[in-house]
S.K.: 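Take this structure first; my questions come after.
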Protein chains: 2
Amino acid sequence: MSQTVADLRVERKPKLSETVVAAIRKQLLAGEIPPGQKLPTEGQLTEAFGVSRTVIREALAKLAADGLVEARQGAGVFVSEHISTTFGVLAADMGAKDSVALNVLEVRLAIEIESAGLAAIRRNAAQEAAIQEAFFEFERLLLASQPTGPADLAFHRAIASATNNPFYVEMLDVLGRRAIPCDVTSPWSTELVQSDEYQRGLQREHLVILNAISAGDAEAAREAMRTHLAHSQQRYRERLQARQAYYANSLKAASTE
Amino acid sequence: MSQTVADLRVERKPKLSETVVAAIRKQLLAGEIPPGQKLPTEGQLTEAFGVSRTVIREALAKLAADGLVEARQGAGVFVSEHISTTFGVLAADMGAKDSVALNVLEVRLAIEIESAGLAAIRRNAAQEAAIQEAFFEFERLLLASQPTGPADLAFHRAIASATNNPFYVEMLDVLGRRAIPCDVTSPWSTELVQSDEYQRGLQREHLVILNAISAGDAEAAREAMRTHLAHSQQRYRERLQARQAYYANSLKAASTE
DNA sequence: ATTATGTAGTTGTATGATGACTTTCGGAAG
DNA sequence: CTTCCGAAAGTCATCATACAACTACATAAT
């Protein structure tokens, strides 16, 4: 049997509750609702999201399982105390400075290396499918010459999700917002970032990670992720130097003019 | 009688779905349904447990969130393949808070492993001395039969500091506040934690880490830290179970009174 | 002022129905 | 006989509604 072809056919089914979970989680991590405060009632959320109360309840149950919120019968659903404060402080500290960005990237490296190893051990079929889907989405965008940044982020996020430890995802969300290797919105994102060769290299590294996770080899997955992020670090440094050189040149050009 | 103080006890309202979750989880742990196999349908479970489908669905959603099962629309609910490695099996009877603590501890594990590796490479003389100092301080306190918790924390903190990346220290502070393996202030910190043999084991593991960092061997440092924290995880689980047993006993004693 | 009580609001549970998807099985075509 | 196709049954996902249990707050009674 040729299962290779069948493996490529991975169509994911996003459950409604999952999208609601993602939306609410985003708001909670952004600190839009202070800890200890009461969330909107299930009825209000039902109207806001345009889904039935069943979906809302399932989403809230998932968030409660993750420890982000806790429901009290008759009173309401409340934001847990410890979570938001934990990550809110970190997020506040991370300014837009590049020196900070490099350090943050290094912390993110630690998180992702371990999450890759755990994902290799704990992933289930659906989670593995999600990782594959992100990989092929990257491939598709690359062939279509479209920005691949979101797919790259989705790839790493799917891996974190496959650890079945919600904190890895939250950490990645908080850290990733500051230091994304493929941030195409950055002002100094020149053709270097979007070059085909550059992104091909990314995909090669992604493939090694994907294979290791699929094979359930934690050690190999960690090592693959380590080299991948180490390379990302290197590329990031090069881009910083390139920008620095650019400024230096423009400065010199201005002085000679 | 002043029941207000006694309200702190674990007289929470057990939701029906939680009961069902515990029952199914126990069956899964017992291996009554082999991995990859299909669970009874929601309808069958409603009859078996005598509750509504709402409760069954919520219970299954919680189990799916823990990574124990996965539901495929139109097909059924199946036992996940990699059960033994997830935290779900540990969270059998413990509350949500303990489960969160274990997850946080796992994230801290990722941070510390990498920080050990970086410390081995980047440490300067003063930082290496600080690590050694913390190590010997632990030794001194141990011989003096005094609490070693602070020294243990200082040891890990010195390593994080030796990475020359301030975020590692900050990260450790934030996470450590939640789940400190050597929290002597905990009510369930019995003689198990303070036993000489227990702390001797800690020191042996510390020594391996210290040697690797001094030798500048990043790989060895990471591996040593990994085993150290993995053991800490194991000890933490045992203490949670011990506390659980303690509460069960006190409850039984209260009922016979 | 304090206590008791009621009332509205919220979450927890039950029930029924419908849509979407998967599997299975039988029949038709080759 | 084998292969392909489609109908049908089984199952989860979602929706809608209703009631029960509980909480918080306002109100009334002492």
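Atom set for the values below is all heavy atoms of this structure, side chains included, hydrogens, waters and symmetry mates excluded. The chains referred to below are lettered A, B, ... by the order of the sequence lines, with proteins before strands, and numbering in each begins at 1.
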S.K.: State, yes or no, whether a side-chain contact exists between A:Ile209 and A:Phe135 at a heavy-atom distance under 4.5 Å.
M.R.: no

S.K.: Can you tell me how far CD of A:Glu133 sits from CZ of A:Phe155, rounded to the nearest 0.5 angstrom?
M.R.: 12.5 Å

S.K.: Heavy-atom nearest nucleotide on DNA chain D for B:Gln44 versus A:Lys15: which residue maps closer to 5'?
M.R.: B:Gln44

S.K.: How bent is the helix from C:dA1-D:dT30 to C:dG30-D:dC1, comparing axes over its five end pairs at each side, to the nearest 10°?
M.R.: 0°

S.K.: Heavy-atom distance under 4.5 Å between the side chains of B:Glu106 and A:Phe167, does that happen here?
M.R.: no

S.K.: So A:Thr41, base contact, sugar-phosphate only, or nothing? Heavy-atom distance under 4.0 Å.
M.R.: sugar-phosphate

S.K.: Could you state the atom-to-atom distance from CD of B:Glu42 to C1' of C:dA14 in whole Å?
M.R.: 14 Å

S.K.: Do B:Glu114 and A:Arg108 meet the salt-bridge criterion of a basic N to acidic O distance under 4.0 Å?
M.R.: no

S.K.: Measuring from atom CZ of A:Phe138 to atom NE2 of A:His206, what distance do you get when rounded to the nearest 0.5 angstrom?
M.R.: 6.0 Å

S.K.: For residues A:Ser214 and A:Glu128, is any side-chain donor paired with an opposing acceptor at under 3.5 Å?
M.R.: yes

S.K.: Provide, to the nearest angstrom, the distance between the CZ atom belonging to B:Phe78 and the P atom belonging to C:dT22.
M.R.: 11 Å

S.K.: Describe the nucleic acid contact of A:Arg72 in one word from base, sugar-phosphate, nothing, applying a heavy-atom distance below 4.0 Å.
M.R.: sugar-phosphate

S.K.: So A:Leu202 and A:His228, do their side chains get closer than 4.5 Å, heavy atoms only?
M.R.: yes

S.K.: Determine whether the side chains of B:Gln234 and B:His231 contain a donor N or O and an acceptor N or O closer than 3.5 Å.
M.R.: no

S.K.: Would you kindly give the CD-to-C1' distance between A:Gln73 and C:dA14, to the nearest whole Å?
M.R.: 14 Å

S.K.: Sort out for me which residue in A:Lys26, A:Arg157, A:Arg25 forms a salt bridge (charged side-chain N to carboxylate O under 4.0 Å, His left out) with A:Asp173.
M.R.: A:Arg157

S.K.: Report the distance from atom CZ of B:Arg53 to atom P of C:dA17, rounded to the nearest whole Å.
M.R.: 10 Å

S.K.: Taking CD from A:Glu70 and C1' from C:dT11, how many angstroms apart are they, rounded to a whole number?
M.R.: 14 Å

S.K.: Expressed in angstrom and rounded to an integer, what is the separation of A:Leu63 atom CG from C:dT11 atom C1'?
M.R.: 16 Å

S.K.: OP1, OP2 of C:dG12 versus side-chain N and O of A:Arg57: anything below 4.0 Å?
M.R.: yes

S.K.: Going 5' to 3' on DNA chain D, which nucleotide is the first and which the last to come under 4.0 Å of a heavy atom in chain B?
M.R.: D:dG10 to D:dT14

S.K.: Are B:Thr54 and C:dT13 close enough that a side-chain N or O sits under 4.0 Å from OP1 or OP2?
M.R.: no

S.K.: In whole angstroms, how far is the C1' atom of C:dT11 from the CG atom of A:Leu60?
M.R.: 10 Å

S.K.: Closest nucleotide of DNA chain D for A:Ala75 versus for A:Leu16: which of these residues is on the 5' side?
M.R.: A:Leu16

S.K.: Tell me the interatomic distance from B:Lys38, atom NZ, to C:dT23, atom P, rounded to whole angstroms.
M.R.: 11 Å

